[in-house]
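So the structure is just underneath, and the comments pick up after that.
Numbering starts at 1 and runs along the sequence shown.
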Amino acid sequence: MDPTSTSVRRPCDLCKTGEALMGCDTCLVNLCKACVGEHMMSGVSKLHKIVRFAPSKSQLYPFCASHIKKRYEMYCNECDVPACNACLRTDQHLGHEILQISLVLDEKKKKIIKEQTELKETISPMYQNIASDVQNKLSQLERDHADLSTAITKHGEDWHRKIEKVVKKLKNQVDEMKNKQLQTLQNHKDEISKTISEIKDEISSMERLINYMDITKLINATTNIEGYKNPPQITMPSLPKLALRKIKGEEFNKMFGGLSSNLSEEDGLDCVVKTEEILEDDASLPFKQFMEEPETITTLETDYHLLYNVACLSDDEIWTTGQDKTMKLYSISQRSLLKSIATKSEYRPEDITVTNNGDLVYVDLMDGTVNIVKNEKIRKLVRQKNWRPDGACNTVTGDLLVIMNNNDNERTQVLRYHGSTIKQSIEFDDEGKPIYSSGPAKRLITENRNLDICVSDQKARAVVVVNQAGKLRFRYTGRTPAPKNQPFSPQGITTNSQSHILTADYINDCVHIIDQDGQFLRFITFGISEPLGLCTDTNDNLIVAEYRRKQMKKIKYLM
């Protein structure tokens, strides 16, 4: 029978003769009862752990692969392999650090126990916490998506209410105008009926005179026929034009809003709804009619030698520019200068506009920059390589529209900036032809209430209007008002609450007013001389910068 079989009597590892009924779990040796005490006294620095029925040595130490019937009892630390005593007598492990395999196994066991403890006490609880956190996120995500759906529904309901409010307001305006116009026509009708009755009485009186042949009465008779020969001019009251803005599907989607993710697509979490509210003011804007004659509310003399541009900070405070480097803020009510700011380059600003936050923005043509003034400190917003800015305007969304001419004077484009980032470029029409003229010339820009982009292109002698997407809508090439009858020379440009577009005509001493579709409405000529810059206040009053008179006028033209 094989003496190494685990089914045979196990000898004591110390005396080699006694039967091993005990064992040391620390040293991994088999012991008979007689040798237990001796083993306990050996290696006093060790803490021996005596157990009954210890595993046999043959089970722990396998046979050496190189030496038959020799077991691995040692360990070569440098080769990182177990070895038997016969292995150690070869040159293979000569000079290497040799350890008892029991010590190596003990260290391994300690390591495993340590790692087991770490798994139980640290790693497993950590994963349990992560699992719990993910479950909480799942629940929160369900709630957040429910909130998103609710927000979208609420936003749609808000739009419905506001649209209904707009429709109701417009219909009320139509009813109000109808009643006024019907009353006007009824008054005309009553006057005509009264005149017809008077004419009938006059005819009857004449018949009596003719029939009775009373010489005295005939001689002294007078008639009112001359008073009836020129009947009053009755004109049909004009109906207001219904200016409806057609919104294409893609544009409507952008206006309504959409989902914007705060994280990457891989994360797929934390989406928020971004919407663009309908302005409450838009729903209550009244229809305004033109006054029969515009009225100059006030005239303010400036300190410039020549006056160029104006931009409204408020209904009372107006930014101005002239022939020098200084931008000046005037109070109309106080009739005084409030503030002066010089350009950083010390060149004359080409154009000015005011942001939604009330900050002044100016175009420096010579420096090739667009700059913002915050707390009287100037910071560059825009510099486009190989391009020079002509004009700029703020938009309702807070973007900045800048019209640019390249350094070779061969191209002109409109750029939309969000901060210093270009969001849109407008240069060519659907046929690939340039929308704007190129070369040195004055070009100013504004945004209409219907979000059209309006440019006064002096070289093209036209007001060029594109929609928000940059598609050409129309070109207004002007009229020639008396008495000058000179070609149209557009300069400053602005808009009002009615989506009218107003353009200064410097040569003809007037302001052209057209509707949002490019149809001419009327001129403002009353007392205006060489207008350059234009802006409108919140009451739709027009502020005009008069070039050589170096004064600005506030004009009321709508009622």
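- The environment of His96 atom NE2 is dense: over 12 non-hydrogen atoms of other residues, nucleotides or ligands sit within 6.0 angstrom.
- By the 4.0 Å N-to-carboxylate-O rule, Arg143 lies too far from Asp147 to be salt-bridged with it.
- Residues Asn409 and Asn405 have side chains that bring a donor and an acceptor to within less than 3.5 angstrom of each other.
- Listed for the Thr320 side chain is no donor-acceptor partner under 3.5 Å among the backbone atoms of Val310.
- The shortest heavy-atom contact between Glu78 and Gly95 is OE2-O, 4.0 Å.
- Annotation: side chain of Leu119 is not in contact with side chain of Ser124 (no heavy-atom distance under 4.5 Å).
- With 3.5 Å as the limit, one finds no donor-acceptor pair spanning the side chains of Asn394 and Thr355.
- Using modelled atom types, one finds no donor on one side chain facing an acceptor on the other under 3.5 Å when comparing Asn136 with Gln140.
- With respect to Asp364 and Lys344, no salt bridge is recorded, no charged nitrogen being found less than 4.0 Å from a carboxylate O.
- In this structure, Val466 and Arg473 have side chains that are not in contact, with every pair of non-hydrogen atoms separated by 4.5 Å or more.
- Shown here for Leu444 and Asp390, the closest heavy-atom pair between the two residues is CD2-O, 4.4 Å.
- Put simply, the side chain of Cys312 reaches to within 4.5 Å of the side chain of Ile543, judged on heavy atoms.
- Residues Lys162 and Val166 are not in side-chain contact: their nearest non-hydrogen atoms beyond the backbone lie 4.5 Å or more apart.
- In this structure, Lys423 pairs ionically with Asp399, as a charged nitrogen and a carboxylate oxygen lie closer than 4.0 Å.
- Listed for the Asp457 side chain is no donor-acceptor partner under 3.5 Å among the backbone atoms of Ala462.
- Contact of the Tyr417 side chain with the Val402 side chain is registered, since non-hydrogen atoms from C-beta on lie closer than 4.5 Å.
- Between Glu118 and Lys120, no side-chain nitrogen of the basic residue sits less than 4.0 Å from a carboxylate oxygen of the acidic one, so the salt-bridge criterion is not met.
- A side-chain donor-acceptor contact under 3.5 Å links Thr117 to the backbone of Ile113.
- Of the possible donor and acceptor atoms, none in the side chain of Lys325 sits under 3.5 Å from a partner among the backbone N and O of Ser345.
- Both tests hold for Arg348 against Tyr308: distance to the six-membered ring centre under 6.0 Å, angle to the ring axis within 45°.
- Counting only distance, with no hydrogens or angles, the side chain of Ser139 and the backbone of Gln135 share a donor-acceptor pair below 3.5 Å.
- The environment of Glu142 atom CD is sparse: at most 12 non-hydrogen atoms of other residues, nucleotides or ligands sit within 6.0 angstrom.
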- Item | Candidate pair Gln424 and Gln468, rule side chain to side chain contact (heavy atoms under 4.5 Å, CB included), full reasoning | CA-CA 10 Å; Gln424 183 183 25; Gln468 187 183 15; 5.7 Å; no
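- Side-chain contact check for Asn450 and Asp452: at least one donor-acceptor pair (N or O, by modelled atom type) lies under 3.5 Å.
- Judged purely by atom type and a 3.5 angstrom limit, Lys33 has no side-chain atom pairing as donor or acceptor with the backbone of Met22.
- Side-chain atoms of Thr369 and Asn371 form a donor-acceptor pair, as typed in the model, at a separation below 3.5 Å.
- Remark: side-chain polar atoms of Asn309 are paired, donor with acceptor, to backbone N or O of Glu350 under 3.5 angstrom.
- The OG1 atom of Thr343 sits 12.0 Å away from atom CG of Leu365, with the distance rounded to the nearest 0.5 Å.
- A donor-acceptor contact shorter than 3.5 Å links the side chain of Glu447 to the backbone of Val396.
- Using modelled atom types, no side-chain atom of Thr503 and backbone atom of Ile493 make a donor-acceptor pair closer than 3.5 Å.
- Put simply, the side chain of Lys114 does not reach to within 4.5 Å of the side chain of Lys110, judged on heavy atoms.
- Leu31 pairs with exactly one of Val51, Ile50, Asp13 by the side chain to side chain contact (heavy atoms under 4.5 Å, CB included) rule, that one being Ile50.
- Residues Tyr75 and Leu105 form no side-chain contact, since every pair of their non-hydrogen atoms from C-beta on lies 4.5 Å or further apart.
- A donor-acceptor distance shorter than 3.5 angstrom exists from the side chain of Ser149 to the backbone of His145, with no hydrogens or angles considered.
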